[in-house]
Amino acid sequence: MYLYNSLTRTRELFTPREPGKVSMYTCGPTVYHYAHVGNLRSYIMEDVLEKYLRYSGYDVKRVMNITDVGHLTSDADTGEDKMLKGAKREHKSVMQIAEFYTNAFFEDCRRLNIKRPDYVQPATGCIAEFIKMIETLLEKGYAYHAGGNIYFDTSKLDKYYVFGGFTEEDLAVGVRDTVEEDSNKRNKADFVLWFTKSKFDSQELKWDSPFGVGYPGWHIECSCIAEKYCGEYLDIHCGGIDNVFPHHTNEIAQSESAFGHEWCHYWFHVHHLNTEGGKMSKSKGDILTVSVLESKGYDPLVYRFFCLQSHYRKNLLFSWDNLDNAKNAYSKLVARIAQLNPADGEADSAAFAEGRRPFTEALDNDLNTSLAITAVYDVFKLKTNDATKLALIADFDRVLGLDLIGHAEAVRKNDGTEDSGADPELDAYVKSMIEARRAAKAERNYAEADRIRAELAERGVTLIDTKEGTTYTVSK
Ligand code: AMP
Ligand code: ZN
C-alpha cells in the first residue's frame, strides 16, 4: 500500500517495522465538549485506514489517548485549560465532564461505525509515565526549569520544525489573540512539559511530582501513552492536519530526544471539514454533532458515506445540500443492492477476484476512498451472478463500514411489508407520514417535509428516497 507521509512529504510504500504487524497511534479527543462532525471526519478516515490494514492482512494494534487534562485554549501554552472551561460552563467537576464527553464520543463513533481502538487511555491515568519521561528529558539536558514550570528546550535539537512549512511565525499566531506571552521560555518555540506555578490557580486536577505539585502540558501525553502500549517505535501516527504543528512537532521532539532514535516513520493527517464560514471548530460554539444530524433525519452512515466520497488529504466542504446529495446517493445505492437476489447462484471466485481488484487498487493508492466507492458501483456491471455481487459488496464493506448489506436487507423486507413480519401499526403510520411528506414537498413546504422526517427519525424510522418512491428502515 502507498501512503502519503506528511513527514517526508512524499507518497511512500508502507512497510511496517515488523513484517505483518502495525502499531498505530491516534490523537484522541479533548473531552470538554461533544465531538463535532469535523473531528469525526478525522476519526472516520483513520478508521478506514485501520480497517484496510486489517483487510490487507496486518495484525494492527491501535492506541488512542483521551485528553482530559493539560490542553490549553491556545496552542502556545497560554489561556485556560479546556477541561476546566468545560467544567465551569456546566457547573460540574472536570472528571464528570471527562466521563460524560468520553462516553458521548464513543457513542458517536458507534453510530458512525468507527471501531473502538484496542487501547483507549485517558491522560490522567498516566501521570507516573509523564513524570518519568520529563525526568529523562531533564537528565539528558533537553528540558529546563523556569518560573516553576518545566519546559522543553527546542534549541537543543538539530531540527525542530521537522514537518516543514512551519516557522516561528505560526507560533506567533497562537499567541496573538491570548492575553500574554510566557516570558519563562528561553526560545519562542519551547513548550511546557509540566506546569507548577502558573496563572491557572483554579486548576482542579493537580498531582505531586519531583518538580512540584502541578499538571502536565498537553503534548507529553501522546509521547508517553504511545510508549506505554507500543514501546519505543510506532509505525503510523494519525491526527487531523491541525495537529501537525505544534502538537505532533512537539511529540516528535520529546520522544526522539528521550529515546535517542527515530520514533515513528509514517504520519497520516486528515484535512479539515470546513463550513462556508471556515474551519469547523468546537470553540466556535455552535457545534454540529451526530445527534444534530440525526434530529434532522440523516442516518449517521450517510455522513460517513459523504466523508468517504472525497479524499482525506483534501479539505471537505460541509453544506446541507452536499449532505443531501450524499443521502440520495446512499439510498439509491442501498436500493440497488436490495434488488440483488441472494439466491441467484453461488459466489464465483474468479469473478470475485476480478471485482476486488479495482477496490484494492484504489485503497492501495493512498487510501482513495472515493475510487473505492466507485468500485462498489462497478460491481453491478460485472458479468456474474447476484450472489457474487453481494459477496463483493459485503467484502468491501468490511473496510467502508457503511452497513450496505444490512440496510439493503431492511429495504427488501419493507418492500413486502405484509408478509415480512413488520409491525403493521407502525407501517400504516409511516406510510401516512410518507404521503403527508410527499404532499408537503409537492406544495414546496420543505419545512413541513423536514419536520415529518425528523418526527419519524425520533421514532427510529429513516426514510430512503429512491426513484421508485420513498421507503424506510427502522432501527431496533
Ligand atoms: P480535539 O478534540 O480538538 O483534540 O480534536 C480531535 C481531532 O479532530 C484532532 O485529530 C483534530 O486534528 C481533528 N479536527 C479538529 N477540527 C477538525 C476539522 N474541522 N476537520 C477535521 N478534523 C478536525
Ligand atoms: Zn497527540
Answer with yes or no whether the side chains of [Y] and [X] bring together a donor and an acceptor at under 3.5 Å.
X: S319; Y: D321; value: no
X: N5; Y: R11; value: no
X: S42; Y: E46; value: no
X: D299; Y: H407; value: yes
X: D190; Y: N187; value: yes

Could you grab the distance from atom [atom1] of [X] to atom [atom2] of [Y], nearest 0.5 Å is fine?
X: L400; Y: L301; atom1: CG; atom2: CG; value: 11.5 Å
X: E90; Y: K88; atom1: CD; atom2: NZ; value: 13.5 Å
X: S291; Y: R111; atom1: OG; atom2: CZ; value: 4.0 Å
X: C126; Y: I220; atom1: SG; atom2: CD1; value: 11.5 Å
X: L193; Y: L138; atom1: CG; atom2: CG; value: 7.5 Å
X: K115; Y: Y43; atom1: NZ; atom2: OH; value: 15.0 Å

Would you call [X] and [Y] a salt bridge, taking side-chain N to carboxylate O under 4.0 Å as the test?
X: D81; Y: K85; result: no
X: K185; Y: D182; result: no
X: K296; Y: D450; result: no
X: R437; Y: E448; result: no
X: K332; Y: D465; result: no
X: D118; Y: R54; result: yes
X: E455; Y: R451; result: yes

> Given the rule in the side chain to side chain contact (heavy atoms under 4.5 Å, CB included) test, do R398 and K51 qualify, once you have shown the distances and angles that lead to the verdict?
Replying inline: CA-CA 7 Å; R398 285 163 51 206; K51 286 180 174 153; over 6 Å; no

Are any non-hydrogen side-chain atoms of [X] and [Y] less than 4.5 angstrom apart?
X: I236; Y: W267; answer: no
X: Y2; Y: E12; answer: no
X: V334; Y: L402; answer: no
X: V63; Y: T26; answer: no
X: I150; Y: V192; answer: no
X: P29; Y: M64; answer: yes
X: L53; Y: Y55; answer: no
X: C109; Y: R116; answer: no

>> Go through it in stages, so that I can follow the logic: the residues are E251 and H247, the test is side chain to side chain contact (heavy atoms under 4.5 Å, CB included), and I'd like the CA-CA distance, side-chain angles, deciding distance and then a yes or no.
In response: CA-CA 6 Å; E251 283 186 33; H247 185 49; 2.8 Å; yes

Could you tell me whether [X] and [Y] have their ring centroids closer than 6.0 angstrom?
X: Y25; Y: Y119; result: no
X: Y58; Y: F14; result: yes
X: Y101; Y: Y34; result: yes
X: H219; Y: F130; result: no
X: F152; Y: Y144; result: no
X: H271; Y: H311; result: no

Look at the rings of [X] and [Y] and say which category their plane angle falls in: under 30° parallel, 30 to 60° tilted, over 60° perpendicular.
X: F396; Y: F359; result: parallel
X: Y233; Y: H261; result: parallel
X: W194; Y: F211; result: perpendicular
X: H237; Y: W263; result: perpendicular

> Got a sec, which pairs hit salt bridge (charged side-chain N to carboxylate O under 4.0 Å, His left out) with one end in residues 221-236, sequence neighbours left out?
Replying inline: E129-K228

Using only atom types and a distance under 3.5 Å, with no angle test, would you say the side chain of [X] pairs donor to acceptor with the backbone of [Y]?
X: N184; Y: N149; result: no
X: D68; Y: A123; result: yes
X: H36; Y: G38; result: yes
X: T473; Y: A410; result: no
X: R304; Y: N113; result: yes
X: Y312; Y: C307; result: no
X: T289; Y: V292; result: yes
X: T67; Y: T30; result: no
X: N65; Y: C222; result: no
X: Q96; Y: S93; result: yes

>> Does R186 qualify as a cation-pi partner of Y151, given the criterion of NZ or CZ under 6.0 Å from the six-membered ring centre and within 45 degrees of its axis?
In response: no

> If you look at every heavy atom in P216 and V69, which pair is closest and at what distance?
Replying inline: CG-CG1, 3.9 Å

>> Before you tell me yes or no, could you show the steps for K140 and S257 under side chain to side chain contact (heavy atoms under 4.5 Å, CB included), namely the whole-Å CA-CA distance, both residues' side-chain angles and the distance that decides it to 0.1 Å?
In response: CA-CA 8 Å; K140 291 190 161 189; S257 303; 6.0 Å; no

>> Against Y298, only a single residue in F318, Y303, W320, F306 fulfils ring-ring contact (aromatic ring centres under 6.0 Å, His included); can you say which?
In response: W320

>> Is there a salt bridge (Lys or Arg N to Asp or Glu O under 4.0 Å) between K132 and E135? Walk through the geometry before answering.
In response: CA-CA 5 Å; K132 194 163 156 273; E135 284 183 316; over 6 Å; no

> Given F268 and Y4, is the ring-ring contact (aromatic ring centres under 6.0 Å, His included) satisfied, shown in steps?
Replying inline: CA-CA 7 Å; F268 177 89; Y4 180 83; 9.8 Å; no

>> Run the side chain to side chain contact (heavy atoms under 4.5 Å, CB included) test on I44 and D47 for me, step by step, so that the C-alpha distance in whole Å, both residues' side-chain angles and the decisive distance to 0.1 Å come before the verdict.
In response: CA-CA 5 Å; I44 288 170; D47 180 64; 5.5 Å; no

>> Between F100 and H33, is the ring-ring contact (aromatic ring centres under 6.0 Å, His included) condition met? List the steps.
In response: CA-CA 9 Å; F100 179 84; H33 220 315; 9.7 Å; no

